[in-house]
Novice: 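The structure under discussion is supplied below as structure tokens; questions concerning it will follow.
We count residues from 1, following the sequence as given. Both backbone and side-chain heavy atoms feed into the values below; hydrogens, waters and symmetry mates do not.
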Amino acid sequence: MPRVPVGGRGLGVWINLTGSAPEGGTTVALSSSSSLVKVPATTSVPSGGLGSTFSVDTLPVQKETPVTLTAKIGTVSRSFTAVLAPEPFDPGSWDLAGPYALLVGTSHEYTVTIANPAPAGGLRVSLTDENGVPWVHLPGEVVIPAGSTSATFAVDVDEDAPTGWYDGPSITASIFDAAQRTVQPAIIPRVESVTGLPETVEGGTSFEVTVNFTSGSERGLSVNVVSDDAAVRVPAADEWGNVGSSGETSVLTFTVTTEPVAVDTPVKLRLSYPGRDLTIPLLVTAPGA
């Protein structure tokens, strides 16, 4: 019989004799250590037969449960222990989601989500870093509670972690050691300060903004800069509004230019970077204001 049969399904049992059954056959007494497996009181081996094969019913289980079956002929008995397993769980479609950029010296949240609610006892999802980088830390597993469809876990990055796409982890979630989902985030420096932002600027002039980071990055640095009014523009930005630098510098400087205005014009300049989102109110003034 299989050593890990599924509870609630039929189970095949076979009994082998050490020799042929005598004239008139042999009756084998059967017993089970648990009502989870319902065996008949006896089974017969016909004259000259070498054994008996039959099926028994089992009941569903919520966790792996050992059950011992015993066969007895006269005073001689033999036992076998099978482990009933829960019905295999199908999580349905599932995903691993979290940031694609990890800031040094910070903790980040990732979420495993499944379509079908987790079974009784919860669903264990194993977690590994396939790259094995020592400056990123994550738990070995996360458990989706019974009846729930998601669970979160933290990924921590050391303060002195190197920055770049090739220094990041390969975070892999596995269900039943088979199905896998992987996220490969980069490690990036934090923004320490932003300077050079005036409260008021005369239209038609420009000013320089400096963003200081905790370190440089092999792929350069960039921030997203957006203005809510045409009176303020960032000519160095690409089509997505990203202002960037190349090389290992830890300082990013860019120029903001204002257009001449007939009346004082309030403008909001938004500067975005993972872990930092600044909205800067700026008044562009008319000449002589």
Side-chain angles (χ1 to χ4, degrees), residues 97-111 135-136 152 154-165 167-169 171 183-287 289:
Y100 279 85
L102 304 179
L103 294 167
V104 297
T106 58
S107 181
H108 302 266
E109 187 175 274
Y110 283 78
T111 302
W135 43 82
V136 175
T152 61
V155 175
D156 300 322
V157 184
D158 291 346
E159 181 69 39
D160 58 353
T163 56
W165 288 101
D167 298 310
I171 302 171
V183 177
Q184 295 179 301
I187 298 178
I188 59 176
R190 295 194 317 277
V191 170
E192 282 193 319
S193 64
V194 180
T195 59
L197 294 167
E199 295 180 358
T200 303
V201 62
E202 183 177 345
T205 63
S206 61
F207 58 92
E208 200 170 73
V209 177
T210 299
V211 183
N212 297 290
F213 295 84
T214 52
S215 68
S217 174
E218 62 184 18
R219 296 173 65 92
L221 300 166
S222 67
V223 294
N224 183 265
V225 182
V226 179
S227 169
D228 70 349
D229 194 286
V232 175
R233 57 189 176 88
V234 186
D238 63 19
E239 61 181 302
W240 297 283
N242 292 317
V243 179
S245 69
S246 59
E248 289 286 347
T249 178
S250 62
V251 178
L252 172 61
T253 301
F254 60 93
T255 300
V256 177
T257 303
T258 65
E259 298 290 345
V261 294
V263 295
D264 291 356
T265 304
V267 179
K268 288 183 179 179
L269 192 66
R270 181 177 178 181
L271 187 150
S272 301
Y273 181 82
R276 195 73 177 267
D277 197 341
L278 299 176
T279 299
I280 303 103
L282 179 66
L283 182 64
V284 182
T285 61

Novice: Is there a side-chain contact between P185 and V136 in this structure, where contact means two heavy atoms from C-beta onward sitting under 4.5 Å apart?
Specialist: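 Side-chain contact under 4.5 Å: no.
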
Novice: Is there side-chain contact between V104 and S215, with heavy atoms separated by less than 4.5 Å?
Specialist: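 Side-chain contact under 4.5 Å: no.
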
Novice: Kindly compute the distance separating CG (L282) from OG1 (T265), expressed to the nearest 0.5 Å.
Specialist: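 L282 CG to T265 OG1: 10.0 Å, rounded to 0.5 Å.
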
Novice: Are the side chains of L252 and Y273 in touch, meaning some heavy atoms are under 4.5 Å apart?
Specialist: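 They are not in side-chain contact.
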
Novice: Which heavy-atom pair separates P266 from L283 by the least distance, and what is that distance?
Specialist: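 Scanning both residues, the minimum pair turns out to be N-CD1, 3.8 Å.
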
Novice: Check the surroundings of atom CD in E159: do more than 12 heavy atoms from other residues, nucleotides or ligands lie under 6.0 Å from it?
Specialist: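 Enclosed.
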
Novice: Would you give the length of the straight line joining atom CG of D277 to atom CG of N224, rounded to the nearest 0.5 angstrom?
Specialist: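 Interatomic distance, D277 CG to N224 CG, rounded to 0.5 Å: 9.0 Å.
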
Novice: When you compare the side chain of V157 with that of L103, does any pair of heavy atoms fall below 4.5 Å?
Specialist: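 In short, these two side chains do not touch, never coming nearer than 4.5 Å.
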
Novice: How many angstroms lie between atom CG of D160 and atom OG1 of T214, to the nearest 0.5 angstrom?
Specialist: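 OG1 of T214 is found 11.0 Å from CG of D160.
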
Novice: Between F207 and T258, which heavy-atom pair has the shortest distance, and what is it?
Specialist: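 Looking at all heavy atoms of both residues, the closest pair is CE2-CG2, 4.4 Å.
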
Novice: Please tell me if the side chains of V225 and V209 come closer than 4.5 Å, counting only heavy atoms from C-beta onward.
Specialist: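 When only atoms from C-beta onward are counted, V209 and V225 do not touch, as no gap falls below 4.5 Å.
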
Novice: Locate the shortest heavy-atom distance separating P99 from E109; write the atom from each residue and the value.
Specialist: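 Where P99 meets E109 most closely, the heavy atoms are CD-O, 3.5 Å.
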
Novice: How far apart are the closest heavy atoms of V284 and E259, and which atoms are they?
Specialist: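 Minimum heavy-atom separation between V284 and E259: CG1-O, 4.0 Å.
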
Novice: If we only count heavy atoms from C-beta on, is the P169 to W135 side-chain gap below 4.5 Å?
Specialist: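 With C-beta onward as the side chain, the pair stays apart.
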
Novice: Can you see which heavy atom on D156 is nearest to which on S107, and at what distance?
Specialist: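 Minimum heavy-atom separation between D156 and S107: OD1-OG, 2.6 Å.
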
Novice: So, taking the atom named CG in L102 and the one named CD1 in I187, what distance separates them when rounded to the nearest 0.5 Å?
Specialist: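 It is 6.0 Å, given to the nearest 0.5 Å.
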
Novice: Using side-chain heavy atoms (C-beta onward) and a distance below 4.5 Å, is D228 in contact with V267?
Specialist: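 Touching, per the 4.5 Å side-chain cut-off.
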
Novice: For the CZ atom of F213 and the CZ atom of R190, what is their distance to the nearest 0.5 Å?
Specialist: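 That separation rounds to 12.0 Å.
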
Novice: Under a 3.5 Å distance rule, please check whether D264 uses its side chain to pair with a backbone N or O of T285 as donor and acceptor.
Specialist: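 A pair under 3.5 Å: no.
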
Novice: With side chain to side chain contact (heavy atoms under 4.5 Å, CB included) as the test, pick out the partner of S227 among V256, L269, I280.
Specialist: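 Of the listed residues V256, L269, I280, the side chain to side chain contact (heavy atoms under 4.5 Å, CB included) partner of S227 is L269.
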
Novice: Can you tell me how far apart OG1 (T210) and CG (L197) are? Round to the nearest 0.5 Å.
Specialist: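 So the OG1 of T210 and the CG of L197 are separated by 9.0 Å.
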
